[in-house]
Amino acid sequence: MSKPSELGALKIGSYILLPVGGPNEEPCRIVEYDTSKPGKHGAAKARIVGVGIFDKKKYSHVSPVSAQVQVPLIDKRVGSIISKTPVSTQIMDSETFEVFDAQLIEDEIKDKVAQGSDVEYWKVMDRTIIVRIKN
């Protein structure tokens with residue numbers, strides 16, 4: 001559910017799996033990206049800070065710009081809210097008419113999500129999150 005990419009090709013707003021090479025990598029959005037010049041003893045380094053899409057934790061990583069990292073594949077889709085409970089939200093996909101549950105909703109729109117509204121949701125690494133309300 002991810003593809004390889006060079007660290008130097010990423011920028012602020014891109015997505016990456018952090019911690020790199022860890023057993024439980026979390027899809028993160030890059031919020032800080034700094035590069036250093038190549039020095040006498042090595043290649044240019046990149047320092048990135050990412051915030052987890054699902055857990056909202058900060059992760060940092062430093063490695064050469066030419067290092068291979070994993071970029072998560074994000075499937076962005078539109079669906080309608082069928083029912084909402086305090087624990088989960090049931091969504092019907094607008095294209096496939098598949099019905100499934102999503103436990104996570106972005107904090108800014110948590111109170112605005114209502115039955116019958118159209119929403120954009122993301123499927124990332126076998127998890128689903130409701131990102132925004134469509135008009």
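Because the structure is predicted, anything quoted here is derived from the model rather than measured.
- Between the OG atom of Ser94 and the CD atom of Glu120 there is a distance of 11.0 Å, given to the nearest 0.5 Å.
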Show your working on side chain to side chain contact (heavy atoms under 4.5 Å, CB included) between Ile130 and Glu106 and close with a plain yes or no.
CA-CA 6 Å; Ile130 298 172; Glu106 283 289 337; over 6 Å; no
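- No continuous path of hydrophobic side-chain contacts links Leu73 to Val124 [ILVMFWY only; heavy atoms under 4.5 Å].
- Val131 and Ile74 fall within the same hydrophobic cluster, defined by Ile, Leu, Val, Met, Phe, Trp and Tyr side-chain heavy atoms under 4.5 Å apart, directly or through other members.
- One distance of note links OG of Ser63 with NZ of Lys45; it measures 8.5 Å at 0.5 Å rounding.
- Distance CG/Asp55 to CD/Glu26: 4.0 Å, rounded to 0.5 Å.
- Counting non-hydrogen atoms of neighbouring residues, nucleotides and ligands closer than 6.0 angstrom, the NZ atom of Lys56 exceeds 12 such neighbours.
- Between Arg127 atom CZ and Met1 atom CE the span is 11.0 Å, to the nearest 0.5 Å.
- In this structure, the separation between OG1 on Thr89 and CZ on Phe100 is 10.5 Å, given to the nearest 0.5 Å.
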Acceptor/donor pairs from residues 76-83 side chains to any protein atom, 3.5 angstrom cut, sequence neighbours excluded:
unit_1	atom_1	unit_2	atom_2	d
Arg77	NE	Asp75	OD2	2.9
Arg77	NH1	Asp93	OD2	3.3
Ser80	OG	Asp118	OD1	2.7
Ser83	OG	Gln90	OE1	3.3

Give the intermediate values and the outcome of salt bridge (charged side-chain N to carboxylate O under 4.0 Å, His left out) for residues Glu108 and Arg132.
CA-CA 9 Å; Glu108 300 91 47; Arg132 69 178 56 96; over 6 Å; no
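- A heavy-atom distance below 4.5 Å is not found between the side chains of Ile91 and Val99.
- Across all their heavy atoms, Ala44 and Ser36 have their closest contact at CB-O, 3.2 Å.
- The heavy-atom pair separating Met125 from Pro27 by the smallest distance is CG-CG, 4.2 Å.
- Following chains of ILVMFWY side-chain contacts shorter than 4.5 Å, one cannot reach Leu17 starting from Val31, and the two form parts of different hydrophobic clusters.
- Under the side chain to side chain donor-acceptor pair (under 3.5 Å) criterion, Gln70 pairs with Ser2, sequence neighbours left out.
- Through direct or relayed side-chain contacts under 4.5 Å between Ile, Leu, Val, Met, Phe, Trp and Tyr, Ile16 connects to Leu7, Leu10, Ile12, Leu18, Val20, Ile30, Tyr33, Ile48, Tyr59, Val69, Val71.
- Val113 and Ile129 are not part of a single hydrophobic cluster, where members link through side-chain heavy atoms under 4.5 Å apart.
- When all heavy atoms of Glu25 and Pro19 are compared, the closest pair comes out as CG-O, 3.3 Å.
- Annotation: the span from Ile53 atom CD1 to Tyr15 atom OH amounts to 5.5 Å, rounded to 0.5 Å.
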